[in-house]
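Below: one structure, written as C-alpha cells.
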Amino acid sequence: MSVRTEPQAAPTRPRLRRVALAGNPNSGKTTLFNALTGLRQKVANYPGVTVEKKEGRLLLGDHAVTLIDLPGAYSLSPRSPDEEITRDVLLGRRTDTPPPDLVVCVVDASNLERNLYLVTEIAELGLPVLLVLNLIDAAERLGVRVDASVLERELGVPVVVTAAHRKRGLAELRRAILRFESADTPPAPERPLRRWRMAPAAEAAVAELAAALERAGGPPPPKAEFEALELLASDLSAPVSPPRRGKGETPEAAVRSLARRLREELSTRGIDPATAAIEARYKWIAEVCRRAVVREALTPVTLTDRLDALLTHRVWGTLTFVGLMAVVFQAILSWATGPMDAIDAAVGGLAAWVQGRMPAGDLRDLLTDGVIAGVGAVLVFLPQILFLFFFIGLLEDSGYMARAAFLTDRIMSRVGLHGKSFIPLLSSFACAVPGIMATRTIENRKDRLVTILIAPLMSCSARLPVYTLMIAAFIPATRVFGIFTLPTVTLLSMYLFGFLTAMGVAALFKRTLLKSETPVFIMELPPYRLPQMKSVFLYVWNATREFLVRAGTIILAISICIWFLTSYPKRPGLNPSEQLARSFAGAVGHALEPVLQPLGFDWKIGIGLIGATAAREVFVSTMATVYSVAADDEEEAAQGLRARMRSDVDPRTGKPVWTPLVAVTLMVYFVLAMQCMSTVAIVRRETGGWKWPLFQIAYMTALAYTAALVVYQGGRMLGLGG
Amino acid sequence: MDWQQVTALAIVAAAFLWLVRAFLRARRGEGGCGTCHGCAPPHRGTTTFVPLEGLEQPPKKTRRSR
C-alpha cells in the first residue's frame, strides 16, 4: 500500500474561521482556551472537566476566529460520550459543527508518548495541525527536556512550547496560528500523513478496505484510511461515514463484510487485527520520543509520589479523606457565622426600616413578610455556600479529587460501579446539574444511567441552608470526641447518609434494573499542584453569581406567590395565626397534614415542602414567610426565624411543633427527596425523555418518605421526643 | 381596595406570570429561569451545548395498515 502524501498547498488558503483545541484529558486545553479567549470556563486538576464542546472568540490580528474547546480524548476511538463529541467534530460528522480549519493539539510535555497517540491520529486525517507542548514547566521539573525542533521534523507539524497556566508561550502560539492564515508560508512541510507501518499483510488489508470505502462513496482518502483502520481494529459497531453520493449497493454492509473477511485472513496469518495498528503506532511514537525527549536523570521520587503513598493508602488515605471532610464542615459552620449574623442583622434592619417608613397595608406586608423575609432568609446562607465552593475548588484544583475517586473505587466496585462514577457524585455535592453532565465521561451506558439516578442523593449546596437552619435551631453545640461539635457531626452525617444511601440504591439497580458487568477502573492521577487562586475564586464567584441570581429571580418570585397564598383570602377579624390557617396555603397544608403527620410534620411544614418542590432552599424562604405572616405582634415579628420555630406550639396538643427529632426527620427527608426542577430538566435532557426523570422522582420520594417515617417513629419508640 | 392592595396584587400577578413564563421556556428548552444549565438553550452565552443522543430513544412512530 502506498503511503499517502498531503495534497499540494492550495495557492490561496482560506482564512481561518474555526480553530479546535484537542488533546488528552487534563492536558490544559481549557486553561489555554481561557487564556486565548479571555473567557472563564471551569478548569480543574482532574481528567474530564470539559464534557461538552465550548466556543469562544480568538482575536487574530484584524479579525476573530471561533475557538472550540473539545472534551479531552485519548484517541479517536471513543470510549465515552464526551470523547464521541471530539471524534465527531474532527471527522466532520456533526451537522451543527463544520470541521475545524486548524486543530491545535495540546499535549502534556511530561507525558509525551501517550499524548502523541491522539495527535498522530488527527494529523493523519489530513487536518492542519499545530502541536502545543503544554505544561513544559512541570516536565522540566521532572527532568524531562523535549527538543521541539526534532518533534517538528519527526511529526511534520509546527510545534509551540507553552505553560498556559503561567501564560508562557501564548504570544508564540498566536503567531503560530497566524502563520496558518498566510498562503505563502505553509505551516508544515509536505509530509506523509502516516509515518508508521504495520506488517505488509495488514497494510494491504487497510489499503483494500480504504479503497472499498471510497468506491462505496465514503469519505475522501485520508479519512477513508482512518476509517479502514478503525474497521479493521474490529469495532464493527463504529459508524461508517455515510456515502457522499446517494446511489450504490448497500455500501455499509458490503464494507463491513469485507472488513470481517480481512480480519479473519489477518488472524489466520497470526496478526491480531485489533492491536496491529495500535502497536505499530505506539512503536513509532516511542521511536520519535527517543529522539526528541531527553531525560536528565532517573525520574526522581516526586512530592506527588510521596503524598500519594499516604493519601491513596487504604487506611490512612480513607482516614485523611474523612478527617478532611470533617474539617471542611467544621469550617463552614464556624467561619461563616460572623458574615451570616451580619447579613441576618442587615435583613432584619431593612424589614424594620420598611415597617417604620410605610403605612400599614398589603404592600408593606408583601415587602416585609414576603420579599425581605423570604429572600433574606436564603441570602443569609450565602457565606456558607461560598465556603463550601471554596473548599471544593481547592480540592479540585490541587488534584485531590482524582485521589478521592481512587479511594472510593473499592466501595464503588462493591456496588457495581467504578471510581469514575465518583467524580460526577463529588461534583453533585456542589450541584447535581453539572454532576449529571459530568456522567458523560462514563463509557458504559447502564453505569452512566445508574450514576445519573443516584447523583441527586448527594447533598448539594441548596440543601445546606435547610440543614444549617435545622442544626442551628435544634442541635445543641456540645463537643464530640473533644475536637468536633455535635452540629458538625450532624452535618457530616447527613452528607454521609446521602452517599451511603446512593451506594445502596446503585447496588440495587445494578443487580436488577440496570444489570451489567462491573467495569475496570482506569483513571489518570494528575500531579498535585498548589491550587491556582484565580481558578478557585472564579469557581466561587460563579457560584455566588448563580446563588444571587437565583435569590433575585426564582426565589423572589416564589416568595411573592407564597406571601399571596399565605395571606389570601382575607378574612377580617381573625388574628394573623388564624388568618394563615385559613389561607389558600393553609388549606393545602391542612389537606396534606394526614400524610405528613406520621413524619411529625405539621401543616406549616407541609407548606414549606410544597414550596421546596421547585428548589430545596425555597423551604427556608417559605418558612420565613409563613412565620412572618403568622406573627401576632411586632415583638414576635422582630424575632428571627429560628426563634419563631423554636417557640411554635401546636394549639391542639400544646406541644412544640419543632423538636430535635422533627428537625432530624426533616433533614433525612431532604437528603433523599427529589426537590429540584433543574435536576429533573437536566435528567430529561441527558436521558432523552421523561421515563427516567419520572422514575427518579418516584423512587426518591418513596425512599424519602419511608426513611423519614422510620426515623421519626423509631425515634419516638426510643423516647427521643416528638 | 386601597392602593397598597392593588400594587401588591399587581406584583403578585407579575411574579406568577414570570414563573409561568419560566416554566413554558423550560418546556421548550429555551432556558427556563436562566439560573442553571438544566434546560439551557443551545446557545447560552459562550457555551454551546451538544445534547448527547438520548439513552432512551423515544419510541418510533409506526403506521400499521389493516
Side-chain angles (χ1 to χ4, degrees), chain A residues 37 39 41 52-57 68 81-82 84-85 89 94 96-97 358-367 370-371 431 433-434 437 440 445 448-449 452 546 549-550 553-554 556-561 563-564 567 614 676-689 691-692, chain B:
Chain A
T37 59
L39 291 175
Q41 295 297 346
E52 58 191 335
K53 75 177 170 64
K54 290 168 179 170
E55 294 185 356
R57 309 287 288 170
I68 310 165
D82 58 331
E84 261 175 43
I85 295 172
V89 168
R94 294 198 73 96
D96 61 347
T97 313
M358 281 184 76
D362 268 12
L363 184 60
R364 190 184 79 171
D365 291 348
L366 168 64
L367 291 177
V371 176
C431 175
V433 171
M437 283 172 67
R440 292 176 182 187
R445 180 184 162 280
R448 185 175 172 222
L449 191 48
I452 287 174
E546 203 157 288
V549 170
R550 246 171 119 76
T553 53
I554 190 106
L556 173 67
I558 292 177
S559 296
I560 290 170
C561 292
W563 172 83
F564 172 77
S567 306
C676 180
M677 287 298 167
S678 305
T679 307
V680 174
I682 194 79
V683 173
R684 193 196 76 84
R685 205 182 67 182
E686 294 291 305
T687 59
K691 176 181 158 186
W692 291 109
Chain B
M1 290 221 295
D2 61 14
W3 68 272
Q4 284 215 27
Q5 201 169 12
V6 172
T7 314
L9 289 177
I11 293 172
V12 169
F16 179 71
L17 288 176
W18 186 88
L19 285 173
V20 171
R21 175 182 163 271
F23 177 74
L24 292 177
R25 279 171 60 87
R27 270 191 60 131
R28 290 198 295 260
E30 292 172 358
C33 63
T35 56
C36 75
H37 297 301
C39 48
H43 294 278
R44 183 177 180 273
T46 56
T47 302
T48 306
F49 277 95
V50 183
L52 297 173
E53 273 180 29
L55 291 164
E56 292 299 305
Q57 297 298 333
K60 284 179 184 164
K61 283 181 185 169
T62 53
R63 193 182 294 168
R64 282 185 188 168
S65 57
R66 290 176 185 245

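Residue numbers start from 1 in every chain, and the chains themselves are labelled A, B, ... in the order their sequence lines are given, proteins ahead of strands.
- One N or O on the side chain of Gln4(B) and one on the backbone of Pro359(A) form a donor-acceptor pair closer than 3.5 Å.
- A distance of 7.0 Å separates CG in Asp362(A) from CG in Asp2(B), rounded to the nearest 0.5 Å.
- Across all their heavy atoms, Trp3(B) and Leu363(A) have their closest contact at CZ3-CD2, 3.7 Å.
- The nearest pair of heavy atoms linking Ala15(B) to Ile560(A) is CB-CG2, 3.8 Å.
- If you measure heavy-atom distances from Leu367(A) to chain B, you find no contacts under 4.5 Å at all.
- Contact detail for Trp18(B) and Ala557(A): the closest heavy-atom pair is CE3-CB, 3.8 Å.
- Residue contact with chain B, scored on non-hydrogen atoms closer than 4.5 Å, is absent for Met677(A).
- When side chains are defined from C-beta on, Phe564(A) counts as touching Leu9(B), because their heavy atoms get closer than 4.5 Å.
- Heavy-atom distances place the side chain of Leu19(B), and not its backbone, under 4.5 Å from chain A.
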